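Each chain gets a letter, A, B and so on, in the order the sequences are listed, and its residues count up from 1. What you see is a predicted model; the values in this text were computed from it and never measured.
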2 protein chains.
Amino acid sequence: MSDNKVDKVDIFAVAKRANVSISTVSRSFNHPELVNPTTRKKIDKAVRKLGYIRNRAAQTMHGIRSGTIGLVVPTIDHAIFAEVIQAFSDSVDAHGFTIMIASHGYDLEREYAALRKFLEHRVDGLALIGEDHSQETYELIERQNIPAVTMWNYSETSRLSCIGADNKMAGVLAAQHLVGLGHRDIGLLFPPTKDNDRARDRRSGVQKTLLNAGINLIPDWDVESTYSIADAKSAAQRLLRSPQRPSGILCGNDVLAMGVLYAARSCNLDIPQDLSVVGIGDFKGSSEVEPGLTTVRLPAWEIGRLAGNHLSQSITGDLTNEQRVGCDIVLIERGTCKPHFGIS
Amino acid sequence: MSDNKVDKVDIFAVAKRANVSISTVSRSFNHPELVNPTTRKKIDKAVRKLGYIRNRAAQTMHGIRSGTIGLVVPTIDHAIFAEVIQAFSDSVDAHGFTIMIASHGYDLEREYAALRKFLEHRVDGLALIGEDHSQETYELIERQNIPAVTMWNYSETSRLSCIGADNKMAGVLAAQHLVGLGHRDIGLLFPPTKDNDRARDRRSGVQKTLLNAGINLIPDWDVESTYSIADAKSAAQRLLRSPQRPSGILCGNDVLAMGVLYAARSCNLDIPQDLSVVGIGDFKGSSEVEPGLTTVRLPAWEIGRLAGNHLSQSITGDLTNEQRVGCDIVLIERGTCKPHFGIS
DNA sequence: AGTTTTTATGAAAACATTTGCATTACTATT
DNA sequence: AATAGTAATGCAAATGTTTTCATAAAAACT
């Protein structure tokens with residue numbers, strides 16, 4: 001008889017305590033204007049006394065939205081994604097949605113599995129990173145009747161709504177900067193490009209630009225590193241300690257660039273005197289490091305925010321058409337590059 | 001009549017197409033051993049053809065677990081938390097759970113709100129950071145019948161299960177190192193300690209140690225910075241440019257320490273020659289920066305992993321008692337500190 | 001061949017809600 | 001005073017599953 005724990009507290013318990021029917025309790029939550037203020041107060045009191053918490057699972061069964069959004073990213077644990085995730089989260093949170101998150105470690109099978117789980121939970125919308133996904137994944141998404149958006153990538157012909165930047169252009173910008181400064185001995189430090197359209201696009205932009213400038217890549221100077229500052233540092237050390245070293249290194253992203261900066265320091269090479277470095281991303285810390293990292297700014301925060309807004313509005317019906325947003329990117333000149341007038 | 005979209009595909013649709021009852025379909029999912037292999041095949045085929053996806057909301061209504069875990073963190077967008085989140089996520093993922101995540105930006109009201117939302121979704125477990133939470137929050141959690149765990153903090157008397165490290169000890173260790181090296185002119189760079197027990201505990205450990213050593217803090221050298229490398233850098237620059245500067249700076253965490261390193265560089269101060277720096281955390285990048293950051297290692301990955309395991313097992317019933325795990329912490333000597341034999 | 005056991009399936013109740021429809025009790029209008 | 005209109009509430013059906021119980025069919029015993 002006492003109202004402490006044990007007795008499960010559902011809408012019936014509340015109704016009983018407030019001396020009304022369950023319909024009235026339900027209405028008092030969902031259409032408060034339809035119920036007498038006095039009654040409402042009684043109900044509120046009962047709710048508080050019992051610590052009642054509505055069961056969204058039961059609501060969801062009525063075609064009512066679940067209020068959740070599924071977000072799948074390659075990894076949470078890295079500068080870039082952490083920032084978009086945060087922005088995306090804040091943005092959808094403001095619209096009242098709750099995020100389900102999963103990371104797949106660049107394994108597209110796991111991505112598919114995560115997506116399926118989300119759909120079992122009847123998420124109202126889906127967000128993913130980039131446009132490299134399995135055929136199955138695309139089909140799965142298209143089969144559902146819920147909006148989906150991809151972040152970080154931008155192309156006019158993307159299969160899903162996208163909000164991001166033109167990664168190829170980012171590569172072009174970075175390369176043009178180095179080339180424009182007179183560098184011809186250029187090293188590349190990129191993450192694996194398999195199943196990673198962002199990295200691949202950047203790389204292709206770089207290669208095109210280099211080719212146009214009549215510069216050809218020396219295989220020894222074209223190095224790959226996983227997305228880790230430790231890996232990047234040791235890869236860069238190997239490159240810098242070899243007898244012949246480039247005058248400039250272009251990195252697929254700022255984390256790798258950071259690794260190069262530290263590697264140079266450890267090799268007693270002065271930046272930018274002995275080596276120029278350019279990154280892509282402009283992550284947190286890139287402007288604070290000494291000297292400040294010259295990089296192509298990708299507006300992570302804005303991408304996350306816009307994507308969150310877009311998705312939320314697509315769900316609530318305030319926005320109906322799909323959309324492709326390309327954010328502006330720009331090269332930020334800081335202190336890691338200097339003109340190079342060497343013989344080539 | 002056609003099986004393309006529109007017609008909602010629920011368990012009835014599958015049953016119809018496979019020519020069995022819905023009970024059989026349900027069973028074929030939940031207790032496959034009870035249904036004839038031939039029938040199962042028919043059902044599987046129908047499922048695939050229709051693209052049926054089970055509705056966990058409907059399952060959840062039967063007291064079946066929702067398969068979700070709610071995780072609330074101060075912020076996603078920072079080195080420390082990103083790493084625990086990743087580890088925690090991987091760990092509970094392996095147990096089949098899906099994560100709901102929210103960040104509150106060090107606002108305990110928002111934390112409470114996020115928790116409520118999670119509970120509406122009937123999460124099976126709850127994970128939060130640290131032990132500074134509102135009274136309401138604690139009461140809310142205790143009222144529910146689901147396991148909860150806090151990460152990053154450790155104390156024998158914590159109100160909830162905790163898996164973390166003794167932050168006070170971390171402060172002690174950091175301070176002892178500096179003191180042991182002969183430093184007496186010590187500056188402190190800490191984040192705001194309001195609603196942040198981790199920072200507060202570290203600070204108190206530092207203060208105690210300094211006091212015991214007969215060193216008193218100079219207010220001008222006791223500076224505060226938000227948890228941002230940019231802020232930390234400029235705060236440190238102000239400190240380092242003042243006429244009197246400490247011989248060593250102790251930072252509340254590695255991000256702030258990184259700011260100090262950059263600040264020193266920008267002030268043309270050599271580390272460790274002109275200034276010793278010690279951090280707390282040992283985040284990614286701390287060992288790669290040049291010189292490597294001397295810091296107190298907090299095992300973020302392990303904390304996340306253990307907490308994920310503990311929570312998962314508490315949910316599945318494999319583990320029943322609450323638990324308090326204190327991970328080992330240790331000072332890692334790298335290159336940012338050197339003995340100091342100055343007059344004080 | 002008859003009986004028991006096992007295997008496979010279906011019917012219907014249960015889960016915690018929302019909502020359309022019906023009902024009651026007022027208030028306003030004539 | 002009778003009627004119409006409105007406000008507030010309850011009843012019961014519906015939502016998509018799982019599960020208990022009952023039943024039928026098949027297999028294994030006598």
Side-chain angles (χ1 to χ4, degrees), chain A residues 7-44 46-47 50-68 116-117 119-124 144-146, chain B residues 6-44 46-47 50-68 117 119-124 144-146:
Chain A
D7 308 344
K8 72 176 173 219
V9 10
D10 54 10
I11 203 174
F12 280 88
V14 175
K16 199 162 160 195
R17 190 173 181 113
N19 252 309
V20 294
S21 73
I22 58 162
S23 329
T24 306
V25 176
S26 173
R27 250 187 304 258
S28 151
F29 277 118
N30 303 299
H31 313 280
E33 73 282 3
L34 292 183
V35 6
N36 189 312
T38 319
T39 316
R40 221 155 55 204
K41 235 163 255 164
K42 273 196 305 180
I43 294 175
D44 280 1
V47 164
L50 271 68
Y52 170 67
I53 295 180
R54 296 156 77 190
N55 187 334
R56 292 208 72 140
Q59 301 190 96
T60 302
M61 281 185 37
H62 292 263
I64 291 170
R65 286 196 299 266
S66 69
T68 56
R116 283 213 54 117
K117 263 205 209 164
L119 292 170
E120 291 189 354
H121 285 288
R122 295 296 186 266
V123 292
D124 299 326
Q144 315 310 126
N145 242 338
I146 58 170
Chain B
V6 188
D7 307 345
K8 73 178 168 212
V9 9
D10 52 11
I11 203 173
F12 280 88
V14 175
K16 199 162 160 193
R17 191 176 179 109
N19 253 308
V20 295
S21 74
I22 58 163
S23 325
T24 307
V25 177
S26 173
R27 245 186 312 254
S28 150
F29 277 118
N30 302 301
H31 312 282
E33 73 282 2
L34 292 183
V35 7
N36 188 312
T38 320
T39 317
R40 220 155 57 202
K41 238 163 250 165
K42 275 197 304 181
I43 294 175
D44 279 0
V47 164
L50 269 59
Y52 169 68
I53 294 178
R54 298 155 77 189
N55 187 335
R56 291 207 74 137
Q59 302 190 97
T60 301
M61 279 185 39
H62 291 264
I64 291 171
R65 288 196 298 265
S66 68
T68 55
K117 266 206 207 161
L119 292 170
E120 292 190 354
H121 287 287
R122 295 298 186 264
V123 292
D124 299 327
Q144 314 312 126
N145 242 339
I146 58 170

Assign each of R40(B) and M61(B) to its nearest nucleotide of DNA chain C by heavy atoms, then name whichever residue's nucleotide is nearer the 5' end. R40(B)
Between L34(B) and R122(B), whichever has its closest DNA chain C nucleotide further toward 5' is L34(B)
At 4.0 Å (heavy atoms only), tell me whether F29(B) reaches a base, stays on the sugar-phosphate, or touches nothing. nothing
For a quick check of understanding: with a heavy-atom distance under 4.0 Å over all strands, which category does T39(B) fall into, base, sugar-phosphate or nothing? sugar-phosphate
Between [N] atom [atom2] and [X] atom [atom1], what is the distance in whole Å?
{"X": "R27(B)", "N": "dT20(D)", "atom1": "CZ", "atom2": "P", "value": "11 Å"}
{"X": "H121(A)", "N": "dG16(D)", "atom1": "NE2", "atom2": "P", "value": "18 Å"}
{"X": "N55(B)", "N": "dG16(D)", "atom1": "CG", "atom2": "C1'", "value": "6 Å"}
{"X": "I11(A)", "N": "dT9(D)", "atom1": "CD1", "atom2": "P", "value": "15 Å"}
{"X": "N36(A)", "N": "dA25(C)", "atom1": "CG", "atom2": "C1'", "value": "12 Å"}
{"X": "E33(A)", "N": "dT19(C)", "atom1": "CD", "atom2": "P", "value": "12 Å"}
{"X": "H31(B)", "N": "dT9(C)", "atom1": "NE2", "atom2": "P", "value": "15 Å"}
{"X": "L50(B)", "N": "dG16(D)", "atom1": "CG", "atom2": "C1'", "value": "15 Å"}

Could you tell me whether the side chain of [Y] reaches within less than 4.5 Å of the side chain of [X], counting heavy atoms only?
{"X": "I22(B)", "Y": "D10(B)", "value": "no"}
{"X": "T39(A)", "Y": "S28(A)", "value": "no"}
{"X": "V47(B)", "Y": "F29(B)", "value": "yes"}
{"X": "T24(B)", "Y": "I43(B)", "value": "yes"}
{"X": "R122(B)", "Y": "I53(A)", "value": "yes"}

I want to confirm an ordering. Mapping I22(A) and D10(B) to their closest nucleotides on DNA chain D, which one lands closer to the 5' end? I22(A)
Residue mapping more 5' on DNA chain D - nearest nucleotide basis, F12(B) or P37(A): P37(A)
Side-chain N or O of Q59(B) versus OP1/OP2 of dT17(D): is the shortest distance under 4.0 Å? no
dT9(D) phosphate, OP1 or OP2, under 4.0 Å from S21(A) side-chain N/O: no
Below 3.5 Å, does any donor atom in the side chain of H62(A) face an acceptor in the base of dG16(D), or the other way round? no
Can you find a donor-acceptor pair, distance only, under 3.5 Å between S23(B) side chain and dA11(C) base? yes
Kindly point out which of [options] is positioned nearest to the side chain of [X]?
{"X": "A58(B)", "options": "dA16(C), dT18(D), dG16(D)", "answer": "dG16(D)"}
{"X": "S26(A)", "options": "dT18(D), dT19(C), dG10(D)", "answer": "dT19(C)"}
{"X": "V20(A)", "options": "dG10(D), dT15(D), dT9(C)", "answer": "dG10(D)"}

Side-chain donor-acceptor contact under 3.5 Å, S26(A) with S23(A): no
